[in-house]
Each structure stands twice: as structure tokens, then as C-alpha cells.
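When a ligand or atom number is given, it counts from 1 through the structure's own listing order.
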Amino acid sequence: MSLLTRINETKAFLQAKGISNPEFGLILGSGLGELAEEVENAIIIDYADIPNWGKSTVVGHAGKLVYGELSGRKVLALQGRFHFYEGNALEVVTFPVRVMKALGCQGLVVTNAAGGIGYGPGTLMAITDHINMTGNNPLIGENLEEFGPRFPDMSDAYTTSYRQIANKVAQELGIKLEGGVYIGVTGPTYETPAEIRAFKTLGADAVGMSTVPEVIVAAHSGMKVLGISAITNFAAGFQSELNHEEVVEVTQHIKENFKGLIKAILVEL
Ligand code: HPA
């Protein structure tokens, strides 16, 4: 079955479940899925029940799609995403973004846990731009003309106007929101100290194992994007050791600010 046919099949499945005209897609990263619990009049669907959908295998990722209202906006929230390092093809990793677009989402709010290159644990960072260090691209292969062009412009992939709103809202709430460049790697290894020194030289402020493929696919189809990284650790070489338990634990300290910020931003987007 072609990618387009699968997108349309999944779209029809979700519409039959009552999901109509979502305005925003929300991808909630490691430890950040709780926000979906605040969605009102929610329709909740297990990933396992959705045709053509991937499987989420990582601790801290629930594996549920939650549709409903958040801050008065219709959202389609993903509690848990698919990663390349889980063995998923990039087509699978980015499939939910395709379906969000097909269902009518104009914007995507994408979040992640990331290692800080300069920024320390507990920092919230609006992504200003990314560096694709995965050595891959989800748009390789036949282009879906219905979604966007063969050679998409990435100049404003992280939509400036969305980021301006995020900064304004953060200031009003008294939440510190930094800005910076996210460098996306495949994982699953954390980086070596030498890699982090190299990434710093390249201009990266945060490093993580997600987001880049999803944002490429969103930008391809003209979706506006807000990316927020929760910095959970100093990247390799700047702290003694790295582990996923710490990543999830730090998100638990940031999550109240994180949830408050995203909800307030949604009102204004
Ligand atoms: N590196 C890559 N991904 C991450 C990190 C990190 O240090 N922390 C959280 N996700």
C-alpha cells in the first residue's frame, strides 16, 4: 500500500472515531506526556489500535493518541513518539505528522527532552533552528506532491511568529524560556564528549534523538512549528554520566512550568 493510501486509511479510521478538524498537533516527549491528561472531552486511542501506526517502546512514553480541547483549541496530542533508534523507518517515525496534516492541523507543537550544550538541567528552550546530524532524511523517496514540494525550504521551519508568541507568553508567566539550536542525532547511544565538543563548534545548544524528522515532514507540508526542548542534563563531557532515569526524573521537575507554558501558548497561536 502506498504511503498516501496508508495516510488516508488512518485518517478515515480516526475520523470514524470522532476526530474532526484538529487545529494543532502536539508531540509530547520523554516524561512530558502528562499534558495530554488535561485534554477535555477527550477521545483516547491506544497506538496499538491505530492502523499503520508505529509502536512506542521507550520508558516514559505512554503510547496513546489523545484528541480533544486544550486551552479551548482542538488538539491531537501524542503521548509518546516513534524514534529511529527503535528500528522504525523514518516514514513510520513521521507518519503521525502526515496524519495530523491530513486531518487539518495547521500547526505542530513538538517537545522533547534534550541534553544541554551550554544550558543546564531544568532549562526550557524554544528551538530556533536545527542541525540534522542523523545522516538521513524522512523525505527521501517518492515525493508526496499533495503535501509539498520535492525540495522544501527549511529557512523558517521553526516558525518565527510562533516563537515570538512563546517568548511573550513565557515572559508574562514569569517562566524563563531560552532559545537555541537543536542538533538531532539517531541515538540510542548518548554522545561522546568529543562529539559534544564538535556539536558546540557547529553552533548547537541542545542535542537529542528525535524532533528533526518530524519537523522536516511538518515543514514540507507547510505546517507551522513550535519546538520546545526540556533540557534534562548537561551533554556528555560536561557532567559525570548520563542515563535515561535522570532524563525522565528531571522532566518531572520541569513539567509544571512546561505544561503551564504550552497551555498558555495554545491560547495565542
Ligand atoms: N543526548 C541525546 N539525547 C538526549 C540527551 C542527551 O544528552 N538528554 C536527553 N535526550
Visitor: I'd like to check which ligand 1 atoms, numbered from 1 as shown, lie under 4.0 Å from a non-hydrogen atom of Asn233.
Guide: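 Matching atoms, with element in brackets: 5 (C), 6 (C), 7 (O), 8 (N), 9 (C).
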
Visitor: For ligand 1 and Gly115, I'd like to know whether there is a polar contact (N/O to N/O, distance under 3.5 Å).
Guide: yes

Visitor: Return the closest protein heavy atom for atom 3 (N) of ligand 1 as residue, atom name and distance.
Guide: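 For atom 3 (N) of ligand 1, the nearest protein heavy atom is Gly208 CA, 3.4 Å.
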
Visitor: Looking only at the side chains, is there a donor atom on one of Lys168 and Gln171 sitting less than 3.5 Å from an acceptor on the other?
Guide: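 Distance-only check fails for Lys168 and Gln171.
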
Visitor: Do Ser155 and Asp153 have side-chain atoms, one donor and one acceptor, less than 3.5 Å apart?
Guide: yes

Visitor: Under 4.0 Å from any heavy atom of Ala113, which atoms of ligand 1 are there?
Guide: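 Reading through ligand 1 atom by atom, the close ones are 9 (C), 10 (N).
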
Visitor: Which part of Ala236 is near ligand 1, with near meaning a heavy atom under 4.0 Å away: side chain, backbone, both or neither?
Guide: neither

Visitor: Using the rule that Ile, Leu, Val, Met, Phe, Trp and Tyr join whenever any side-chain heavy atoms are under 4.5 Å apart, tell me whether Val267 and Ile165 fall into a single cluster.
Guide: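 Looking at the clustering, Ile165 is in a separate group from Val267.
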
Visitor: Going from CG on Asn143 to CD on Glu146, what distance comes out if it is rounded to the nearest 0.5 angstrom?
Guide: 8.5 Å

Visitor: If a pair satisfies ring-ring contact (aromatic ring centres under 6.0 Å, His included) and one of its residues is in residues 246-269, list it, with sequence neighbours excluded.
Guide: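 The answer is none; no pair qualifies.
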
Visitor: Using a strict 4.0 Å cut-off to heavy atoms of Glu191, name the atoms of ligand 1 that fall inside it.
Guide: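 So the atoms of ligand 1 that pass are 1 (N), 2 (C), 6 (C), 7 (O).
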
Visitor: What part of Thr232, side chain, backbone, both or neither, has a heavy atom within less than 4.0 angstrom of ligand 1?
Guide: side chain

Visitor: Show me the side-chain donor-acceptor pairs of residues 92-105 shorter than 3.5 Å, one per line, residues at least two apart or across chains.
Guide:
residue : atom : partner : partner atom : Å
Thr94   : OG1  : Leu90   : O            : 2.8
Arg98   : NH1  : His220  : ND1          : 3.1
Lys101  : NZ   : Ser221  : O            : 3.0

Visitor: To the nearest 0.1 Å, how far is atom 4 (C) of ligand 1 from its closest protein heavy atom, and which atom is that?
Guide: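 Checking every protein heavy atom, the shortest distance to atom 4 (C) of ligand 1 gives Val207 O, 3.7 Å.
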
Visitor: Polar-atom distance check: Tyr190 versus ligand 1, any N or O pair below 3.5 Å?
Guide: no

Visitor: Ala113 and Thr251: which non-hydrogen atoms are nearest, and at how many Å?
Guide: CB-CG2, 4.3 Å

